Undergrad: 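Before anything else, here's the structure in question.
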Amino acid sequence: MSANIKLRLPDGSAQEHPAGTTPLEVALGISAGLARAAVGALVDGEPWDLGRELPDGEHEFTLVKFDDPEGKEFYWHTAAHVLATAVGRLFPEVRYGIGPAIDEGYYYDFLVDKPFTEDDLEAIEAEMVRIIKEDLPLEREVVDREAARAEMERRGEALKVELIDELPEDAVVSFYRDGDFVDLCKGPHLPSTGRLGVPKLLSVAGAYWRGDENRPMLSRIYGTAFPKKKQLEAYLERIEEAKRRDHRKLGKEMELFSVAEDHGPGMILYHPAGAVLFHEIERLAHAMYRERGYRLVRTPHIFRSDLWRTSGHYEHYRDKMFFARLEGDDADYAVKPMNCPGHVLIYDTGLHSYRELPYRIYEFGQVYRNELSGVLHGMLRVRGFTIDDAHIFCTPEQLGGEIEGVLAFVRDLFAVFGLPVRYTLSTRPEDSMGSDEIWESATAALRGALEHSSLDYDVDEGGGAFYGPKIDVHVTDALGREWQTSTCQADFNLPERFDLTYVGEDGARHRVVLVHRAILGSFERFIGVLIEHFAGDFPLWLAPEQLRVLPVADEFNDYARGVAARFAERGFRVSVDDSNRKLGARIAAAETAKVRYVAVVGAKEVEAGDINLRPHGEKPFNVSLQKALDELTRERDERLLIGRWS
RNA sequence: GCCCUCGUAGCUCAGUCGGUAGAGCACCUGCAUGGUAAGCAGGUGGUCACCAGUUCAAGUCUGGUCGAGGGCUCCA
């Protein structure tokens, strides 16, 4: 038999096989264990079914296991088919949407008269287990495009027909079949359902077909699956841990903030401890803005609507704006959803020489946007929030440098908190204003700045603001959801609308370029992310309560108050707990409240003139009062994430 | 906004078949004066989100309103 297939394996070795060999056979040739663990293969980087015959010729060949990223995708995608198969058996009238693998599992969307409820999940999951036991083979079948369309039409699968119609001209159309269930799918899949271990359905949700609220609402079932029960348990445990970090839960427990749900949904009420976070971050931000040549301004919360018409907000942003009308006055006022028009008015009060540019002004401006009720989420998505908002008016030549400066600012600020970030370049959306040339040059300026700064970034096509393209920065919350923080937007449109100019070297007026940018984004969202990032265990400079002094007994109360006073003199947030409880109970209370340091004082400490210091979650030790003062002052003032003792 | 779930004491939650409301923590009072994660006892605290309806009777059933939680393209 002639060897028609030559494979190069990742370890550098080469193998030859006869035509028609499958990856599973290759795996068996290496070891039985590998054949059991393999879930698919990569042939020249292309995902390949274990049971699908390899093409003739020479190929790079890799076997993929569940632990590989591609492996999880194969595995969960197959689990999604098993879910669809199970639903088809129990609810024969359903029609199918899509069912992809996602980061930590999979979902499948179904078109049904009556949406699924959580109570349905148990029965569906049981049916999935049955299908896995039946060990049905998943068979791949390449079909002619027209035949595929006809078959789906015959089955009444209108959504599948739509998907087929949208496939590119040259696409290979394939079906996968397990039992009675046939799905349009490019694969690959595990060879049979029996290769799946433990499935677990997690939740149901409504989801618009293709995410479009004008299309039908489908019923989505989310699930995950793992080879071993232990892995599933570890996954569920991780979800529980993430819930413990939830800023809404910690915000309540630590009395950081609340939302008066009946009186101001999406509006944050900062309690004293939470206001400390806001204030400390604000202080840091003010210092950083001043160092970078920004000047502070203040602007009103409402303006007459004519301003919003000129700015374009009335046309493009009205849905999210709150309006106010004065009694007995025809003038219509709008509450600001953005700070830019106010800042533009400041720039526009006089002539500006090119010598003054770049003209950078900033404000921690409070804005209101009427977000849909269903998207509100603790501090992370709100209706009233404070932006660290700045506008840079500059010449076209200065634009690239200004954007690079903003990117450096982002890097410096996030470094203080140790928060990892992801960059996105967002291009022109459908609802937008301005010419194509303007958009292209603005987008090029942003892209150039990202490249010069050597930053990795993704592109979000059509994700820009209505007046310009932007670079966004995203951070991740405890449950792995991404939230936008920083933004940097090049705008050639508002300068046109407001006829903003500067006087150039030549004495003539020239059009100014406007950069909108925020670094923290919104204080609310930033604080919410920080709560989850630190799980409430804030670094000393941010901690609402930095030190609590506990006298061992009443006779040491005076000494305790003296110690507290020494720290208070240095500006520390310090308290004394001389309440009528045993020391152990007071220690427990301080630990639960996540107080950064606890100082215990009793006879020994009075004698030695020192304190017994217990960093949050750590073992206590004795240290001289002076040394503690100096060390904690340093830890606070340098904004250390980890102190010498913590 | 739309789909599912939910709303009981300050917090976390129980409340059976429809029969007039319960626990732990917190808080207050007293006892106990204590050395590193929770001493003992007693007490206060509820328009069961709100509005209608069914019923002899509604926290419980039905409808509506308000609000919350999860989700609403990770692209066959």
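Fair warning: this is a prediction, and the values are worked out from it, not measured in the lab. Below, chains carry the letters A, B, ... as their sequence lines are ordered, and counting in each starts from 1.
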Undergrad: Taking the six-membered ring for Trp, is the centroid-to-centroid distance between Trp645(A) and His616(A) below 6.0 Å?
TA: no

Undergrad: Please compare Val600(A) and Thr117(A) by the position of their nearest nucleotide in RNA chain B and report the one closer to 5'.
TA: Thr117(A)

Undergrad: Base, sugar-phosphate or nothing for Ala585(A)? Non-hydrogen atoms, less than 4.0 Å.
TA: sugar-phosphate

Undergrad: Using a heavy-atom cut-off of under 4.0 Å over every strand shown, decide if Val598(A) touches base, sugar-phosphate, or nothing.
TA: nothing

Undergrad: Donor-acceptor pair under 3.5 Å: do we get one between Tyr208(A)'s side chain and the base of rG71(B)?
TA: no

Undergrad: For Asn612(A), which contact category applies under a 4.0 Å heavy-atom criterion: base, sugar-phosphate, or nothing?
TA: base

Undergrad: Using the P atoms only, state how far rG64(B) lies from rC56(B), rounded to an integer number of Å.
TA: 24 Å

Undergrad: Can you measure Arg614(A) atom CZ to rA38(B) atom C1' for me and round it to whole angstrom units?
TA: 12 Å

Undergrad: Tell me whether the centres of the aromatic rings in Phe181(A) and His81(A) are closer together than 6.0 Å.
TA: yes

Undergrad: Mind checking if Val259(A) touches a base, just sugar-phosphate, or nothing, with heavy atoms under 4.0 Å?
TA: nothing

Undergrad: Please state how far atom CG in Leu583(A) lies from atom P in rU36(B), giving the value in whole angstrom units.
TA: 7 Å

Undergrad: Does rA9(B) pair with anything, Watson-Crick or G-U wobble, both distances under 3.5 Å, and if so, with which nucleotide?
TA: none

Undergrad: Can you find a side chain N or O atom of Ser373(A) that sits less than 4.0 Å from OP1 or OP2 on rG1(B)?
TA: yes

Undergrad: Please evaluate residues His271(A) and Phe257(A) with respect to the criterion ring pair (Phe, Tyr, Trp, His ring centres under 6.0 Å), reporting the C-alpha separation (whole Å), side-chain torsions for both, the decisive distance (0.1 Å), and the verdict.
TA: CA-CA 5 Å; His271(A) 295 213; Phe257(A) 73 96; 7.9 Å; no

Undergrad: Could you identify the nucleotide paired to rU20(B), looking across every strand shown and requiring Watson-Crick or G-U wobble geometry with both distances under 3.5 Å?
TA: none

Undergrad: Answer with yes or no whether Glu371(A) presents, from its side chain, a donor or acceptor under 3.5 Å of a partner atom in the base of rG1(B).
TA: no

Undergrad: Give a yes/no on whether any side-chain N or O of Lys252(A) is located under 4.0 angstrom from OP1 or OP2 of rC11(B).
TA: no

Undergrad: How is Val172(A) classified with respect to the nucleic acid when contacts are heavy atoms under 4.0 Å: base, sugar-phosphate, or nothing?
TA: base

Undergrad: Indicate, with a heavy-atom threshold strictly under 4.0 Å, whether Tyr176(A) touches base, sugar-phosphate, or nothing.
TA: nothing

Undergrad: Side-chain N or O of His263(A) versus OP1/OP2 of rG67(B): is the shortest distance under 4.0 Å?
TA: no

Undergrad: Under 4.0 Å, counting only non-hydrogen atoms across every strand here, what does Leu167(A) touch: a base, just sugar-phosphate, or nothing?
TA: base

Undergrad: Please check the phosphate of rC72(B) (OP1 and OP2 only) for any side-chain N or O of Tyr222(A) closer than 4.0 Å.
TA: yes

Undergrad: Please figure out whether Gly584(A) or Leu163(A) has its closest RNA chain B nucleotide nearer the 5' end.
TA: Gly584(A)

Undergrad: For the pair made of CD in Glu104(A) and P in rC74(B), what is the distance, rounded to whole Å?
TA: 15 Å

Undergrad: Dump the intermediate steps for ring pair (Phe, Tyr, Trp, His ring centres under 6.0 Å) on Tyr457(A) and Tyr423(A), then the final yes or no.
TA: CA-CA 5 Å; Tyr457(A) 64 95; Tyr423(A) 295 86; 8.7 Å; no

Undergrad: Could you check whether Arg220(A) gets within reach of a base, just the sugar-phosphate, or nothing at all, counting any heavy atom under 4.0 Å?
TA: sugar-phosphate

Undergrad: For rG69(B), does either OP1 or OP2 sit under 4.0 Å from a side-chain N or O belonging to Arg248(A)?
TA: yes

Undergrad: Over all strands shown, is Gly617(A) touching base, sugar-phosphate only, or nothing at heavy-atom distances under 4.0 angstrom?
TA: nothing

Undergrad: What is the distance, to the nearest angstrom, from the CD atom on Glu240(A) to the P atom on rU12(B)?
TA: 16 Å

Undergrad: Can you tell me, in whole Å, how much space there is between the C1' of rC31(B) and that of rA14(B)?
TA: 32 Å

Undergrad: Indicate yes or no: does Arg244(A) engage Glu240(A) in a salt bridge with an N to O separation below 4.0 Å.
TA: no

Undergrad: Would you sort out whether Tyr75(A) and Phe226(A) count as a ring pair (Phe, Tyr, Trp, His ring centres under 6.0 Å), showing the intermediate values?
TA: CA-CA 8 Å; Tyr75(A) 197 87; Phe226(A) 290 91; 7.9 Å; no

Undergrad: Pick base, sugar-phosphate or nothing for Ala589(A), based on heavy-atom distances below 4.0 Å to the nucleic acid.
TA: nothing

Undergrad: Are the side chains of Glu104(A) and Arg238(A) in touch, meaning some heavy atoms are under 4.5 Å apart?
TA: yes

Undergrad: Taking rC25(B) as the reference, what is the distance to rA38(B) when you measure between their P atoms (whole Å, please)?
TA: 14 Å

